[in-house]
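Any value given below was found using the heavy atoms of this structure, including those in side chains, with hydrogens, waters and symmetry copies removed. Throughout, a chain's letter reflects where its sequence line sits, starting with A, and its residues are numbered from 1.
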There are 2 protein chains.
Amino acid sequence: MLDHSEFKIKFLDAIIKGHSMAVGCHCFVSYSGRAESELPWGDRIIIIKSDRTLLVHQNKGSTPVNYMKEAVLDAYVEGDYAVVTAENISQKEFMRIELTQVYFFESRQLIDEQKIRIVGTERDMAEMIMQNPSLISLDFKPLSMEEHTKFGFIDLFGHDKNGTLIVVECKRYSADLSAVTQLRRYVEKIKDMKGLSSVKGVLAAPKISTNAQSMLEKWGFSFVSVNPPKYLEKFDRFQKKLI
Amino acid sequence: MLDHSEFKIKFLDAIIKGHSMAVGCHCFVSYSGRAESELPWGDRIIIIKSDRTLLVHQNKGSTPVNYMKEAVLDAYVEGDYAVVTAENISQKEFMRIELTQVYFFESRQLIDEQKIRIVGTERDMAEMIMQNPSLISLDFKPLSMEEHTKFGFIDLFGHDKNGTLIVVECKRYSADLSAVTQLRRYVEKIKDMKGLSSVKGVLAAPKISTNAQSMLEKWGFSFVSVNPPKYLEKFDRFQKKLI
DNA sequence: GGGGAGAGATGCCGC
DNA sequence: GCGGCATTTCTCCCC
């Protein structure tokens, strides 16, 4: 438990040094910027990063309740409160955090230049299909992948044995209505630009919602069930811990 | 700085008590679930909430680099590492965090039943237009707002002085291609179900991208510039601090 | 910097 | 639970 002036001093010192911070406190938060908000009094954890990102986390859920990027930060004592302010003038964003209790305060220079490596994205799905086109159909011949063609950002682009063009849109999850309209947009663009009357549209995803299926059929497109790829070896490594 | 067995004991104690935690550490993170990932060694802040949400934050950006909801957590010492594991069996998710250094560890019961109040959402835009329909056009008569009609989730629904139906889709930001396809989907649905040949589509947003504007015109829809509402008094309260 | 689209998206509400 | 959709979405990539 820190008193307000001790908090202020430590906070400003951490700002100057470019340290990251974790603060446990009882606070009230108001925000004005892209929207406006008020968060009544409660206990939260405030994170401040060395790039001046500020996050206010409640004790539930994975998204911060309030946040600001590239914030210009300040702290001071005002009556019975410690106050933290965050401003991003160019974005016209302002935040004010009033604190009555500072349960804990930690600050430290965190050194981390590493980037996460992820496998199993939509792009990985498209690559997998490039390697094994029969996942779409026996006669599917892919031509290009995720190229910014003049037709737009098309996940997979190819043709069948008759030379009919095929547009494939990949989704990692259940394909929904917007996936169908996205596919439709690409197919129409190609028809338009090439002056073709027939272009096939294929939605590749693990599953598809009922309404999306109806709309798909209405527009003469087809659905193919494909799961995003995973490195099974790694999954197994975790899995065996469960046995 | 905590040694590994001290960390383990405090961590497990906090889990049992349902406390929230903030941990500063040097760690390596691997994940398998909806995708698979590896994050090489670096300094991070780990947050664990009372609802068993786990967040791993690097020192930049507002999104956690790794995370899991409803995690079953454990901690132990393994050779030179402290290890934190998180599992969500039903989701087939697994995470393993190896720590060589624990810079700080804070845990505490955080009491907070408050909900944030936000003004300026898309729904607020629709309400504002309901109050002042002339923002769309002088003869726009709104009938319903954000109702789950048999036509779908339509932001605003009404007609002009000739009785021609009007569908309004609101966007808080620059309207893009998907906003136009969304509008198009609603208009077509209504035409279909009512057997009408003419239904007006209006996109209400602060601005619109060039391509979206083209597509809008191609489909005979129109754009109206509308800004999401704000409580100006409050904005002014912040603003005067800047002077 | 804007436009377009994915994300291990998250979160909300309705059925 | 799924479905449909907004989000102070965030982030990345390309033009």
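- Looking only at atom types and distance, the side chain of A:Asn88 has a donor-acceptor partner in the side chain of A:Ser90 under 3.5 Å away.
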Q: Could you give me the CA-CA distance, side-chain angles and deciding distance for A:Trp41 and A:Tyr81, then say whether ring pair (Phe, Tyr, Trp, His ring centres under 6.0 Å) is met?
A: CA-CA 12 Å; A:Trp41 292 96; A:Tyr81 301 147; 5.4 Å; yes

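- Looking at heavy-atom distances under 4.0 Å, B:Glu169 makes contact with sugar-phosphate atoms alone, never a base.
- For the pair A:Phe153 and C:dA5, the ring geometry does not qualify as stacking, because the centroid separation below 5.5 Å and plane angle under 30° are not jointly satisfied.
- When the side-chain nitrogen and oxygen atoms of B:Arg117 are compared with OP1 and OP2 of D:dT8, none of them lie within a distance under 4.0 Å.
- Residues B:Ile118 and B:Lys60 each lie close to DNA chain D; by heavy-atom proximity, the contact nearer the 5' end of the strand is made by B:Ile118.
- If you take atom P in D:dG4 and the same atom in D:dT8, they sit 23 Å apart, rounded to whole Å.
- Atom pair B:Gln213:CD and C:dG3:P shows a separation of 12 Å (rounding to whole Å applied).
- Using a cut-off of 4.0 Å between Lys/Arg side-chain N and Asp/Glu carboxylate O, A:Arg117 and B:Glu38 are scored as salt-bridged.
- Listed pair B:Tyr186 / D:dG4 fails the phosphate criterion, with no side-chain N or O lying under 4.0 Å from OP1 or OP2.
- Checked by distance alone, B:Asn211 brings no side-chain donor or acceptor within 3.5 Å of a matching partner on the base of C:dG4.
- The C1' atoms of C:dG8 and D:dC14 are separated by 24 Å, rounded to the nearest whole Å.
- Residue A:Ser32 places none of its side-chain N or O atoms closer than 4.0 Å to OP1 or OP2 of D:dT8.
- In terms of position on DNA chain C, the residue among A:Ile116 and B:Lys69 whose nearest nucleotide sits closer to the 5' end is A:Ile116.
- Without hydrogens or angle criteria, A:Asp43 side chain to B:Leu110 main chain gives no donor-acceptor distance under 3.5 Å.
- Closest approach to the B:Glu122 side chain among D:dG4, D:dT8, D:dT7 is made by D:dT7 (side chain taken as heavy atoms from C-beta onward).
- Contacts of B:Arg123 with the nucleic acid, taken as non-hydrogen atoms under 4.0 Å apart, are absent.
- Counting only heavy atoms from C-beta on, B:Thr63 has its side chain closest to D:dC10 among D:dC10, C:dG11, C:dG6.
- The distance from atom NE2 of B:His57 to atom P of D:dC10 is 13 Å, rounded to the nearest whole Å.
- Nearer to the 5' terminus of DNA chain D, by closest-nucleotide assignment, is the contact made by B:Asp155 (compared with the other of A:Lys115 and B:Asp155).
- Contact annotation: B:Ser209 side-chain N/O to C:dG2 OP1/OP2 distance is not under 4.0 Å.
- The same atom, C1', is picked in C:dG6 and in C:dT10; the two are 14 Å apart, to the nearest Å.
- Comparing D:dA6 with C:dA7, their C1' atoms sit 15 Å apart, to the nearest whole Å.
- A:Ser178 has no side-chain polar atom (N or O) that falls below the 4.0 Å cut-off from OP1 or OP2 of D:dG4.
- The residues A:Asp192 and B:Lys218 are annotated as salt-bridged, a charged nitrogen and a carboxylate oxygen being separated by less than 4.0 angstrom.
- Smallest separation of non-hydrogen atoms from A:Met95 and A:Tyr67: CE-O, 3.4 Å.
- A:Asp51 and A:Thr53 share a side-chain donor-acceptor pair at under 3.5 Å.
- Rounded to a whole Å, the CD atom of A:Glu127 is 16 Å from the P atom of C:dG6.
- Atom CG in A:Asn66 sits roughly 16 Å away from atom P in D:dT7 (whole-Å rounding).
- Following rounding to the nearest Å, A:Asp176 (CG) and C:dA7 (C1') show an atom-to-atom distance of 13 Å.
- Atom CZ of B:Arg34 is separated from atom P of C:dG6 by 17 Å (rounded to the nearest Å).
- With C:dA5, D:dC10, C:dG8 as the choices, the nucleotide that has an atom nearest any side-chain atom of A:Thr121 turns out to be C:dG8.
- The residue among B:Glu93 and A:Gly61 whose nearest nucleotide of DNA chain C is located toward the 5' end is B:Glu93.
- Looking at the side chain of B:Lys207, the nearest of the listed nucleotides D:dT7, C:dG3, C:dG8 is C:dG3.
- Distance, A:Ile154 CD1 to D:dC14 P: 17 Å, rounded to whole Å.
- The distance between atom CE of B:Met68 and atom C1' of C:dG8, rounded to the nearest whole Å, is 10 Å.
- Judged by Watson-Crick or G-U wobble contacts below 3.5 Å, the nucleotide C:dG8 has no partner.
- In terms of phosphate contacts, B:Gln182 brings a side-chain nitrogen or oxygen within less than 4.0 Å of OP1 or OP2 of D:dA6.
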